[in-house]
Amino acid sequence: MSQPPPPGGPWAHPQAAPGHPGQNAGSYPHGGQQYGAPQYGAPQYGAPQHGAPQYGAPQYGGQQGAPPYGAPQYGAPQAPAQPYGGQPYGAPAQPYPPQQHQDRQYAPQPHPGAHPGAGGPQCRFCGCVPAADVTFRGHRGMIVLMQFLHLKGPFCRDCGLSTFRDMTAKTLIQGWYGYLSFVITPVTVLINLARRGRVAGLPAPQPPPSGDHRHPMDPGVPLLSRPSALIGLVIPFLLVVLLIVLAAAG
């Protein structure tokens with residue numbers, strides 16, 4: 001007679017050996033699923049789950065779909081804007097700390113023709129002070145041609161008077177000869193007369209506080225006491241008389 005198979009044999013429990021799929025479903029644990037096989041309705045590792053945030057998706061406060069950190073949210077209170085300097089709008093301004101400074105004193109600049117220690121312009125001829133920045137003019141008529149002369153200061157009182165008398169006297173004796181010079185000469189004399197007062201009203205020349213200086217020029221005799229100036233005043237009248245005589249004779 002045949003004896004029954006021993007308990008625990010391969011026919012007692014119809015379970016296939018591990019690693020052989022396709023056997024009876026009841027021989028597998030977990031409801032007939034193989035180990036590591038995906039189950040119906042169960043999420044797989046690495047697959048996105050419904051309602052759960054994905055790996056790498058931006059999260060804010062543990063909620064999916066929230067804006068990243070630092071982005072404004074609708075309805076959320078925001079901090080007041082900070083202007084330049086870090087002070088909020090409406091906050092009282094912080095006073096600046098007192099600054100320590102020293103008042104600067106600017107010394108007056110001397111005239112271009114002045115010596116650094118003179119305190120004013122010096123005469124261009126002798127270097128004495130005080131001096132006035134004046135330009136005297138002269139004219140010379142040569143029938144067809146003409147010549148304009150000028151001598152620019154500064155002048156002290158004595159050097160200025162000497163220049164005025166010399167240039168004006170020469171203009172009176174040499175400036176009438178020409179059609180235009182006959183008009184330019186008296187205008188030049190009147191300009192010199194108007195500028196004479198600027199040097200005649202200066203005090204007596206004095207040596208400068210420092211620097212080289214010479215003796216002032218000799219002003220000479222007054223203008224109307226010079227023979228050349230007197231002859232120069234007569235020349236225009238003589239020319240007018242000569243023109244009248246020629247017109248009457250001709």
Side-chain angles (χ1 to χ4, degrees), residues 107-246:
Q109 298 296 329
H111 191 272
H115 193 272
Q122 295 180 246
C123 179
R124 61 170 297 175
F125 291 118
C126 65
C128 295
V129 293
D133 193 2
V134 184
T135 300
F136 292 109
R137 300 188 177 275
H139 183 73
R140 183 180 300 168
M142 296 175 286
I143 301 176
V144 179
L145 303 177
M146 65 183 65
Q147 186 178 11
F148 294 89
L149 308 172
H150 71 278
L151 189 58
K152 184 176 178 59
F155 302 108
C156 66
R157 185 192 65 180
D158 294 351
C159 295
L161 289 176
S162 176
T163 303
F164 158 74
R165 293 170 181 176
D166 183 67
M167 295 192 69
T168 305
K170 290 181 178 180
T171 300
L172 289 173
I173 198 69
Q174 300 175 357
W176 301 103
Y177 314 108
Y179 293 101
L180 295 178
S181 297
F182 198 83
V183 179
I184 295 174
T185 297
V187 174
T188 303
V189 173
L190 292 176
I191 291 175
N192 290 343
L193 288 173
R195 296 177 179 177
R196 172 188 175 277
R198 297 180 59 181
V199 294
L202 293 175
Q206 299 292 332
S210 61
D212 298 335
H213 68 282
R214 296 180 297 274
H215 194 276
M217 299 171 59
D218 184 10
V221 296
L223 180 63
L224 296 180
S225 301
R226 300 190 177 196
S228 58
L230 296 176
I231 294 173
L233 292 174
V234 176
I235 289 176
F237 294 100
L238 295 177
L239 293 176
V240 170
V241 171
L242 179 61
L243 292 175
I244 293 174
V245 171
L246 294 176

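Note that the structure is a prediction, hence the values are computed from the model and not measured.
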Original post:
Of all residues at least two apart in sequence or in a different chain, which pass the side chain to side chain donor-acceptor pair (under 3.5 Å) check with Arg196?
Top reply: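 Counting only residues at least two positions away or on another chain, Arg196 forms no side chain to side chain donor-acceptor pair (under 3.5 Å).
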
Subject >> Partner set under side chain to side chain donor-acceptor pair (under 3.5 Å) for Thr168, not counting sequence neighbours >> reply: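 Here the qualifying residues are Asn192.
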
What heavy-atom pair brings [X] and [Y] nearest, and what distance separates the two atoms?
X      : Y      : value
Ala200 : Leu161 : CB-CD2, 4.0 Å
Ser228 : Ala169 : OG-CB, 3.6 Å
Trp176 : Thr171 : NE1-O, 4.4 Å
Arg165 : Gly220 : NH1-O, 2.7 Å
Ala132 : Val199 : CB-CG1, 4.3 Å

Original post:
Among Gln147, Arg140, His139, whose side-chain hydrogen bond (donor to acceptor under 3.5 Å, both in side chains) with Gln174 holds?
Top reply: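 It is Arg140; the other options fail the test.
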
Original post:
Counting heavy atoms not belonging to Leu243, are there more than 12 under 6.0 Å from its CG?
Top reply: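 Atom CG in Leu243 is packed in, count exceeds 12.
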
**OP:** Could you tell me whether Phe148 atom CZ has more than 12 heavy atoms of other residues or ligands within 6.0 Å of it?
**Re:**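 More than 12 heavy atoms, drawn from other residues, nucleotides or ligands, come within 6.0 Å of this atom.
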
**OP:** Give me the one residue out of Met167, Lys152, His150 that meets side chain to side chain contact (heavy atoms under 4.5 Å, CB included) with Phe136.
**Re:**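 In the set Met167, Lys152, His150, the residue that makes a side chain to side chain contact (heavy atoms under 4.5 Å, CB included) with Phe136 is Met167.
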
Subject >> Main-chain N/O of Asp158 paired to Ser162 side chain as donor or acceptor, under 3.5 Å >> reply: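 It does not hold such a pair.
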
**OP:** First locate atom CG of Leu230, then atom CG of Leu172, and finally report the distance between them rounded to the nearest 0.5 Å.
**Re:**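 Spacing of CG (Leu230) from CG (Leu172) equals 9.5 Å.
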
